[in-house]
Amino acid sequence: METRVLIVDDEVHLAKILQFTLEHAGYKVETAFDGQEALAKVPVFSPDIIILDLSLPVIDGYEVCRILKSAEKTRDIPVVILSARDFKRDGLEKPLTAELLIEKPFNTESLLSELSKLPVR
């Protein structure tokens, strides 16, 4: 069975590149371009992994992550934060419970390697 990945990023071109890359690697992929759309797609698509940007319109990635990790049905879905934030320099403004933090720009091979290590349901 294919691992399902939900990509949540308001940069449409990046989301489409990620979608193509992940589909080529054998993942089933859906995209969402804001936090509200992401939260609406989660119960329908039932992703095994969520790749989430922090800077999103409508509902930001911090809040999306908090909502997902506080709900019984979604708390075990691994969340990968993919953001242009410099986590080492800036630190996190709000606590996150994501399984992985990756800074943009990122190495595609490294991302695929890290995704393959995540536990899926």
Side-chain angles (χ1 to χ4, degrees):
M1 184 156 109
E2 291 176 313
T3 300
R4 295 175 309 279
V5 178
L6 177 62
I7 298 168
V8 187
D9 201 310
D10 62 334
E11 295 179 45
V12 176
H13 294 298
L14 176 62
K16 293 299 182 184
I17 290 168
L18 271 172
Q19 180 176 12
F20 175 80
T21 301
L22 293 177
E23 286 175 346
H24 188 263
Y27 292 92
K28 182 175 175 128
V29 179
E30 282 284 329
T31 56
F33 303 107
D34 66 56
Q36 185 174 351
E37 182 183 8
L39 292 172
K41 283 191 172 187
V42 167
V44 176
F45 182 57
S46 190
D48 299 302
I49 299 169
I50 298 171
I51 298 176
L52 179 65
D53 187 17
L54 293 177
S55 300
L56 296 171
V58 188
I59 302 173
D60 71 25
Y62 292 102
E63 184 65 8
V64 171
C65 188
R66 187 196 66 73
I67 290 167
L68 292 170
K69 292 301 185 178
S70 65
E72 186 176 333
K73 290 184 178 182
T74 57
R75 72 173 50 129
D76 294 328
I77 300 172
V79 174
V80 176
I81 299 297
L82 186 61
S83 178
R85 301 249 348 235
D86 182 342
F87 297 115
K88 293 179 180 98
R89 186 191 72 212
D90 299 340
L92 296 176
E93 294 173 6
K94 302 176 186 176
L96 289 171
T97 54
E99 282 69 20
L100 190 58
L101 302 173
I102 298 176
E103 292 177 14
K104 296 176 187 174
F106 59 93
N107 177 288
T108 305
E109 291 80 23
S110 294
L111 175 65
L112 290 172
S113 175
E114 292 297 326
L115 290 180
S116 72
K117 297 175 191 175
L118 292 172
V120 292
R121 302 179 276 159

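A quick note: this is a predicted structure, and the numbers were derived from the prediction, not measured. Keep in mind that the numbers below use all heavy atoms, side chains included, and drop hydrogens, waters and symmetry copies.
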Atom pair NZ/OG of Lys28 and Ser46 - distance to nearest 0.5 Å
11.0 Å

Not counting sequence neighbours, list each pair that qualifies as a salt bridge (charged side-chain N to carboxylate O under 4.0 Å, His left out) and has a residue in residues 106-115.
Glu114-Lys117

On a heavy-atom basis, which atom in Pro119 and which in Pro78 lie closest, and how many Å separate them?
O-CG, 3.0 Å

Kindly work out whether a path of hydrophobic side-chain contacts (I/L/V/M/F/W/Y, heavy atoms less than 4.5 Å apart) joins Leu14 to Phe33.
no

Evaluate the side-chain proximity of Val42 to Thr74: yes if any heavy-atom separation is below 4.5 Å, no if none is.
yes

Tightest non-hydrogen contact, residues Ala38 and Leu6, listed as O-CD2, 3.9 Å

For Leu56 against Val8, the heavy-atom pair lying closest together:
CD1-CG1, 3.6 Å

Do the side chains of Ile81 and Leu52 get nearer than 4.5 Å, heavy atoms only?
yes

Heavy-atom pair of closest approach, residues Val79 and Cys65:
CG1-SG, 4.2 Å

Same apolar cluster (I L V M F W Y, side chains within < 4.5 Å links), Val58/Ile67
yes

Answer whether the closest heavy-atom distance between the side chains of Ile7 and Leu22 falls below 4.5 Å.
yes

May I ask you to test the Ile50-Val64 pair for a side-chain heavy-atom distance under 4.5 Å?
no

So the salt bridge (charged side-chain N to carboxylate O under 4.0 Å, His left out) pairs with at least one residue in residues 35-48 (sequence neighbours excluded) are Arg4-Asp48, Glu30-Lys41, Glu37-Lys41

Do NZ/NE/NH1/NH2 and the carboxylate oxygens of Lys69 and Glu99 come within less than 4.0 Å?
yes

Test item: Val5 and Ile51 side chains (from C-beta on) under 4.5 Å apart, heavy atoms:
yes

Give the minimum heavy-atom separation between Ala40 and Pro43, together with the two atoms involved.
O-CD, 3.4 Å

Output for pair (Asp53 CG, Asp60 CG), nearest 0.5 Å, gives 10.0 Å

Euclidean distance, Leu100 CG relative to Leu115 CG, rounded to 0.5 Å:
7.5 Å

How far apart are the C-alpha atoms of Leu18 and Tyr27, what are their side-chain angles, what is the distance that settles it, and do they pass the side-chain contact (heavy atoms from CB on, under 4.5 Å) test?
CA-CA 11 Å; Leu18 271 172; Tyr27 292 92; over 6 Å; no

Measuring from Leu54:CG to Glu63:CD, what's the distance to the nearest 0.5 Å?
12.5 Å

dist Ser83:OG -> Lys104:NZ (nearest 0.5 Å) comes out at 6.5 Å

Is there a continuous path of hydrophobic side-chain contacts, each under 4.5 Å between heavy atoms, that joins Leu111 to Phe20?
no

